[in-house]
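To start, the structure itself, in structure tokens.
Start at 1 and go down the list; that is how both ligands and their atoms are numbered. Predicted, not measured: the structure shown is a model, and the values here were computed from it. Computed from heavy atoms alone, side chains included, the values below leave out hydrogens, waters and symmetry copies.
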Amino acid sequence: MDPRVLEAMLPYFNHQFGNAASRSHSLGWIAQEAVDQSRNQLAQLLGVVPKEIVFTSGATESNNLAIKGIAEAYHRKGKHIITVKTEHKAVLDPCIHLEKEGYEITYLDVEHNGLVNLNQLEDFIRPDTILVSIMWANNETGVIQPMAKIGEICAAHGVLLMSDATQAVGKIPVDPRQAGVHILACSAHKMYGPKGVGALWVSQTQPRVKVLSQIHGGGHERGMRSGTLNVPGIVGLGQAAYLAHQDMPIEAQRLSEMRDELEKKILHNIEETYPNGSQTARLPNVSNIAFKYMDGEALMMSFNQYMALSSGSACTSASLDPSHVLLAMGLSGDMAHASLRFSLGRFNKPEEIDTAFNHLKRGVENLRAESPIWEMFKDGVDLDAL
Ligand SMILES: *Cc1c(COP(=O)(O)O)cnc(C)c1O
């Protein structure tokens, strides 16, 4: 978390401990004002109207609220939803839940570069399609979907478009109205804010989207999400949004230069390494690389005391299954297992690129020195043909 975010939050843990829903005393009003300011700060980052924002406990809740809340609100129009195979589990799992409730879900394929196939999207839209849900940017590869083109297709067919923009908000310009997106989910901890707080933006004009609440009691957040507001968390989200808005152009440039440097070093100096996903439609801070003939998990273990890396998303890394994102992009199970995601952030310094690369190179060399598979590859055995 950015220390400036923590500083903004601290008063709301102690001497400003008012409940934003208390209307009868100044402590409540102060908390309410703080929440209003955060709503404005996030709205500015997204270019939307503040009152269209609903605060939640994070993007998982936002995605659940949006998908289930729209499914419930529009079931008379239809029970068909379109999403993509490379979505985050916070979108896929609510969809799987809805399948058990009688909804039909179409999971779109992606191209080898991770981009959604737009023709396929258009072909699958039907009269009973109530929602298309496509993430703005992928959490494992950083690949950015062509949201404006997707928005055009959805508009042409009169279908609501939602986007899990958790990875994109605060990293790249995200303007849902301009892109034709009607519902958007994001999370504070992906932009240097605290964990456990996020938001859902729901268009209230042109179109007025109906989302039925999934948590009832008290009617907070215009009835869309009941429960006492997490005032310090919301203040943190607002401050994080404000800082991201301010620093975005410089920060994106700095991060992409460091990311490109790290990537270039790896691809040029370590044999049999391949980048995964589009190299152009990509977040500035993410790189996903396959180390062929290696076990990504083992490689990671070789330097995990120096770097915090993962071979999948933190949300699914408890399982040893290969990444569903990389498999959907057409990688083999072996190549998916051989892949690592690198992501850089606001507090990384340029000199850390060398350090990271050196640890990585040593790890690869040590593991390959003991690997029978690598020896076979070096002996000219065509392993892909086996
Ligand atoms: C992190 C993440 C989520 C989940 O967000 P939480 O706030 O941790 O619930 C959802 N979608 C994407 C793309 C993410 O990166």
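For Asn139, every heavy-atom contact with ligand 1 shorter than 4.0 Å involves the side chain, none the backbone. Neither the backbone nor the side chain of Lys195 comes within contact range of ligand 1; no heavy atom lies under 4.0 Å.
Other residues, nucleotides and ligands contribute more than 12 heavy atoms inside 6.0 Å of the NE2 atom of His157. Counting heavy-atom neighbours within 6.0 Å of Glu99 CD, excluding the residue itself, gives a total above 12.
Polar contact with ligand 1: absent for Ser57 (N/O pair, distance under 3.5 Å). In terms of polar-atom proximity, Ser187 is counted as a contact of ligand 1, with an N or O under 3.5 Å from an N or O of the ligand.
Short contacts between ligand 1 and Gly58, defined as distances under 4.0 Å to a heavy atom of the residue, involve ligand atoms 7 (O). Proximity to Ala59 (heavy-atom distance under 4.0 Å) selects the following atoms of ligand 1: 3 (C), 4 (C), 5 (O), 6 (P), 7 (O), 9 (O), 10 (C). Counting atoms of ligand 1 from 1 in the listed order, those under 4.0 Å from a heavy atom of His189 are 6 (P), 7 (O), 8 (O).
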Ser187 and Lys195: CA distance, side-chain angles, deciding distance, side chain to side chain contact (heavy atoms under 4.5 Å, CB included) verdict | CA-CA 8 Å; Ser187 182; Lys195 295 177 193 69; over 6 Å; no
Side chain to side chain contact (heavy atoms under 4.5 Å, CB included) assessment of Met307 paired with His359 | CA-CA 9 Å; Met307 285 189 278; His359 285 304; 4.0 Å; yes
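In this structure, Tyr192 has its ring center under 6.0 Å from that of Phe347.
Nearest-residue assignment for atom 2 (C) of ligand 1 (options Met135, Glu140, Glu87, Lys190; heavy-atom criterion): Lys190.
Clustering of Ile, Leu, Val, Met, Phe, Trp and Tyr side chains at separations under 4.5 Å places Phe13 together with Met1, Val5, Leu6, Met9, Leu10, Tyr242, Leu243.
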